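We number each residue from 1, following the sequence as shown. None of the values given here were measured: they were computed from a predicted structure.
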Amino acid sequence: MVASEVFEGERGRLTNIAARILGDRHEAEDVVQLAWIRLHENTAQLDSAAAWLTTVTTRLCLDRLRARIPEPADTAEAHDVAASLEPGPEEAALHRESVGQALHVVVDRLTPNERVAWVLHESFGFDFDSIGEILDRTPSAARKLASRARAKVADAERGGPETDQQVVDAFMAAARGSDLMRLLTLLAPGATVSADAAAIAAGTPTRIEGREAVAGFFNGSAHAALPALVDGRPGAAWFNRGQAMVAFDFTVADGVVEAIVFRAEPEVLAAIVRRPVVRDTPGATAE
């Protein structure tokens with residue numbers, strides 16, 4: 001297939017990517033035209049012209065963003081948080097639209113690299129290996145860029161970061177309500193469930209790994225669990241006649257659940273304290 005045919009087949013997709021990144025369709029069309037010129041001038045053998053065009057288009061967008069948005073050095077500390085889901089066509093369209101609206105709100109709060117990583121991952125489903133190659137970063141660094149961008153967008157959409165207690169209560173409400181999509185959005189990609197020896201003896205799973213597996217385990221369950229403080233942190237516990245039998249010890253970072261540990265050591269259960277649900281938690285109901 002000649003270069004012009006490859007380009008025409010990719011033009012619409014490239015323009016959509018550039019428009020999401022730059023927030024301006026006319027500018028996006030200019031960038032894609034520049035990508036065509038570079039393809040026309042290229043003399044090297046390409047393994048994948050489509051991938052090459054995607055990289056060139058994205059880097060041209062980065063150049064334009066960097067010309068108008070100062071980019072600070074990437075910070076080393078960042079929690080890995082959720083990657084996007086793989087919804088059906090209608091849900092994907094709605095998701096892409098919401099991503100575009102959120103991007104407009106936080107355009108001045110994202111660095112160019114954050115913006116590119118987030119748009120490519122959230123809107124177009126690029127994996128972090130591919131994003132890392134485009135940005136000349138490791139996959140881990142690309143994931144962290146998208147993580148920081150997601151956190152900034154979430155803060156802008158809700159007017160500030162959710163507390164750990166709100167996240168825990170929203171998660172438990174989604175579990176009881178069989179709201180699988182909500183559970184997935186509240187879990188980090190690498191979320192895990194584990195348990196201490198006492199909890200395993202009581203019948204809890206030894207270990208569950210991955211957002212989808214954890215969400216599937218909790219979906220429609222935990223009806224008997226009540227909000228509690230576990231070692232002073234927001235969590236939940238199964239109670240029997242007023243006595244805590246198994247505690248849910250949550251680790252929350254950047255608005256998502258990274259880990260849940262089932263704990264049943266006597267000293268932990270003896271210190272469990274009931275607490276109220278945060279009433280303004282999305283998806284939560286008062287106990």
Side-chain angles (χ1 to χ4, degrees), residues 1-74 83-84 89 92-139 141-153 156-157:
M1 186 178 292
V2 298
S4 59
E5 293 175 341
V6 172
F7 176 75
E8 287 304 323
E10 295 294 322
R11 182 196 290 270
R13 184 180 67 87
L14 296 172
T15 302
N16 286 336
I17 289 174
R20 291 286 183 183
I21 293 172
L22 297 172
D24 185 314
R25 192 161 190 88
H26 292 298
E27 190 176 11
E29 291 170 351
D30 290 343
V31 163
V32 172
Q33 192 62 32
L34 286 174
W36 155 245
I37 293 172
R38 294 198 179 184
L39 177 63
H40 183 68
E41 295 174 344
N42 177 68
T43 58
Q45 182 67 34
L46 301 177
D47 293 332
S48 171
W52 187 91
L53 282 166
T54 299
T55 298
V56 170
T57 299
T58 305
R59 287 178 176 172
L60 287 169
C61 290
L62 267 173
D63 289 342
R64 298 207 175 194
L65 288 176
R66 287 167 177 161
R68 69 191 194 213
I69 304 173
E71 181 170 21
D74 293 338
S84 63
L94 290 172
H95 181 63
R96 286 194 296 270
E97 180 62 26
S98 67
V99 167
Q101 293 170 354
L103 181 59
H104 177 72
V105 172
V106 299
V107 61
D108 293 329
R109 302 180 62 190
L110 301 180
T111 69
N113 280 352
E114 287 173 347
R115 186 166 172 170
V116 167
W118 183 64
V119 168
L120 291 182
H121 187 59
E122 293 290 317
S123 289
F124 298 97
F126 280 58
D127 60 50
F128 291 116
D129 287 341
S130 299
I131 295 171
E133 290 180 7
I134 290 171
L135 294 176
D136 196 23
R137 298 285 193 277
T138 65
R143 182 187 295 274
K144 290 177 181 179
L145 286 166
S147 167
R148 290 200 294 272
R150 177 190 284 266
K152 290 178 182 179
V153 170
E157 288 179 322

Find the distance between CD1 (Ile21) and OG1 (Thr58) and round it off to the nearest 0.5 Å.
-> 4.5 Å

Please examine the side chains of Val56 and Leu39, heavy atoms only from C-beta on, and report whether any two atoms are closer than 4.5 Å.
-> no

d(Thr15 OG1, Glu10 CD) to nearest 0.5 Å is 10.5 Å

Nearest heavy-atom pair of Leu60 and Ala35: which atoms, and what distance?
-> CD1-N, 3.8 Å

How many angstroms lie between CD1 in Ile131 and CG in Asp136, if you round to the nearest 0.5 Å?
-> 14.0 Å

Should the pair Arg38-Glu41 be classified as a salt bridge under the 4.0 Å nitrogen-to-oxygen rule?
-> no

Any chance you could lay out the side chain to side chain contact (heavy atoms under 4.5 Å, CB included) test for Trp52 and Asp47, step after step, and finish with the verdict?
-> CA-CA 8 Å; Trp52 187 91; Asp47 293 332; over 6 Å; no

Where does the angle between the aromatic ring planes of His40 and Trp36 fall among parallel (under 30°), tilted (30 to 60°) and perpendicular (over 60°)?
-> tilted

Measuring from Lys144:NZ to Asn113:CG, what's the distance to the nearest 0.5 Å?
-> 14.5 Å

How close do Ala142 and Ala117 get, heavy atom to heavy atom, and via which atoms?
-> O-CB, 3.9 Å

Start with the C-alpha distance between Phe126 and Ile17, add both sets of side-chain angles, then the distance that settles side chain to side chain contact (heavy atoms under 4.5 Å, CB included), and finish with yes or no.
-> CA-CA 11 Å; Phe126 280 58; Ile17 289 174; 4.1 Å; yes

Any salt bridge (Lys or Arg N to Asp or Glu O under 4.0 Å) pairs touching residues 23-34, not counting sequence neighbours?
-> Glu27-Arg64, Glu27-Arg68

Side-chain heavy-atom pair Asp63, Val31 within 4.5 angstrom cut-off = no

Using a 4.5 Å cut-off on heavy atoms from C-beta on, say whether the side chain of Arg115 contacts that of Arg20.
-> no

Between the main-chain N or O of Arg143 and the side-chain N or O of Ser147, is there a donor-acceptor pair closer than 3.5 Å?
-> no

Approximate separation, where rounding is to 0.5 Å, of Thr57 OG1 and Ile134 CD1 = 9.5 Å

Which of Leu120, Leu145, Thr55 passes side chain to side chain contact (heavy atoms under 4.5 Å, CB included) with Leu135? Answer is Leu145

Mind running side chain to side chain contact (heavy atoms under 4.5 Å, CB included) on Arg13 and Leu53 for me, showing each step along the way?
-> CA-CA 10 Å; Arg13 184 180 67 87; Leu53 282 166; 5.6 Å; no

